[in-house]
2 protein chains.
Amino acid sequence: MKIQAAIDRVDLDKAVNLTKQISQYVDIIEWGTSLVKDFGIQRLAEKTDAFGHAQILYDSKTIDEGEYEFKAGFESKADILTVMGAASVATLKKCYQVAQNQDKTMMIDLMGLDEAQIKIILGFDQAIYCIHHSKDSGKIKNASDTAASFRASFPSVKHIAIAGGIDYANTVALAKQGIVDIAIVGSAIVKAADPVAEAKRFGKVVSDEK
Amino acid sequence: MKIQAAIDRVDLDKAVNLTKQISQYVDIIEWGTSLVKDFGIQRLAEKTDAFGHAQILYDSKTIDEGEYEFKAGFESKADILTVMGAASVATLKKCYQVAQNQDKTMMIDLMGLDEAQIKIILGFDQAIYCIHHSKDSGKIKNASDTAASFRASFPSVKHIAIAGGIDYANTVALAKQGIVDIAIVGSAIVKAADPVAEAKRFGKVVSDEK
């Protein structure tokens with residue numbers, strides 16, 4: 001399992017400083033949608049030194065213009081970009097094609113989709129399917145149960161991530177369970193009194209595994 | 001009816017120059033999602049002098065974090081912001097609340113929604129419901145028929161816009177028909193050999209009406 005630390009709704013200097021402090025302890029740094037829309041990926045790309053060894057995910061939440069947005073995002077140094085599962089299948093295919101061509105990764109944000117809608121967008125084998133409760137709808141109650149239920153419903157999905165109020169106990173349980181590839185942690189790391197200590201603690205869950 | 005000219009997938013200088021040239025002839029200038037994500041709304045806000053008398057729409061395509069994105073967008077000088085109809089009802093409500101509180105406008109992008117999904121998000125009386133075929137799925141075939149069919153299906157919707165390959169003939173027909181509040185025109189103006197001449201021609205459809 002990998003830990004993805006999500007940084008969102010802060011100014012750019014804060015995002016850069018946080019990234020510098022915590023990127024060595026986690027696998028992926030997510031720069032959230034607010035950073036993309038407030039500052040733009042061209043400006044974000046100027047700050048990628050801060051990411052250290054961690055992979056870079058811009059939470060672009062693409063929902064149309066898949067080819068344009070994915071080309072632009074990867075040119076702006078992203079390793080992983082997100083597309084909404086609610087986008088058209090045509091958009092998902094275009095994003096996937098760009099990601100595959102460039103040896104980069106597409107993450108599909110499943111926010112708001114029911115099982116019937118998810119069935120329509122299966123089959124992107126190298127993509128990461130991200131189980132995600134929207135910020136505006138509240139948190140996931142039990143991450144491990146949610147992951148197990150998703151795996152049972154969609155056994156063909158090869159790569160799974162989970163996001164939405166994931167805390168330390170969730171992360172430990174998810175790592176033990178072994179279903180998800182990526183636990184996406186936001187507030188529990190970046191809004192902690194000591195984000196560095198928390199990044200280390202979450203990172204250790206994963207390094208202990210290896 | 002109003003004409004909204006949509007500028008997208010160009011660099012920022014080009015967007016500013018185009019806006020300066022055409023904003024006097026149209027009612028609303030849309031700065032598209034690519035401008036939002038490539039350059040960020042903080043940088044877009046520094047360029048609003050170019051808009052002249054026209055209203056400013058950022059095609060933010062908000063799908064979560066409604067309150068944050070709408071507050072940030074209006075602070076960055078937008079008059080109108082877009083939210084995806086595919087967002088949760090909770091997100092739509094938060095966006096609407098911010099727009100109403102600030103005497104600004106929410107446009108709901110109906111891209112990808114079927115009738116049953118649209119029924120769930122009716123009732124935002126001051127919002128503009130935008131009929132929209134995704135860029136990746138192809139153009140609207142007959143804009144007036146589409147508008148008439150939408151009006152028949154959703155008679156309670158007070159404000160309607162339409163987007164997706166709208167050309168001059170569509171615009172003339174839509175103005176005569178009188179169903180939509182806003183015709184959103186992209187390539188037919190901004191990718192024309194002479195965008196200023198086209199902006200004048202489209203603008204005249206509307207001014208002749210008055």
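These values consider heavy atoms only, across backbone and side chains, with no hydrogens, waters or symmetry-generated copies. Numbers restart at 1 for each chain; the letters A, B, ... are given by sequence-line order, proteins then strands.
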Exercise for the section: Can you see which heavy atom on A/Glu65 is nearest to which on B/Asp8, and at what distance? Expected result: OE2-OD2, 3.3 Å
Handout entry: CG (A/Asp103) with more than 12 external heavy atoms under 6.0 Å
Key = no
Exercise for the section: Give a yes or no on whether A/Lys14 atom NZ has more than 12 heavy-atom contacts from other residues, nucleotides or ligands under 6.0 Å away. Expected result: no
Handout entry: Over all atoms of both residues, closest heavy-atom pair of A/Met111 and B/Ile63
Key = CE-O, 3.4 Å
Handout entry: Heavy-atom neighbours of B/Gln97 CD exceed 12 at 6.0 Å
Key = no
Handout entry: Interface residue of largest heavy-atom contact number with chain B, from A/Asp38, A/Val36, A/Ile41, under 4.5 Å
Key = A/Asp38
Handout entry: A/Phe39 versus chain B, the contacting section by heavy-atom distance below 4.5 Å
Key = both
Fill in the blank from the handout: Pair count under 4.5 Å, heavy atoms only, with chain A: among B/Arg43, B/Lys61, B/Lys93, highest is B/Lys61
Problem - B/Lys104 atom NZ, neighbour heavy-atom count above 12 within 6.0 Å - result: yes
Problem - chain B contact via A/Glu69 - side chain, backbone, both or neither, heavy atoms under 4.5 Å - result: side chain
Exercise for the section: Determine the option with the most heavy-atom pairs under 4.5 angstrom with chain A, choosing from B/Ser34, B/Gly32, B/Ser76, B/Ala87. Expected result: B/Ser34
Completion exercise
A/Gln117 and B/Gln117 have their tightest heavy-atom pair at NE2-NE2, 3.1 Å
Exercise for the section: Answer with side chain, backbone, both or neither: which region of A/Glu75 has an atom nearer than 4.5 Å to a non-hydrogen atom of chain B? Expected result: neither
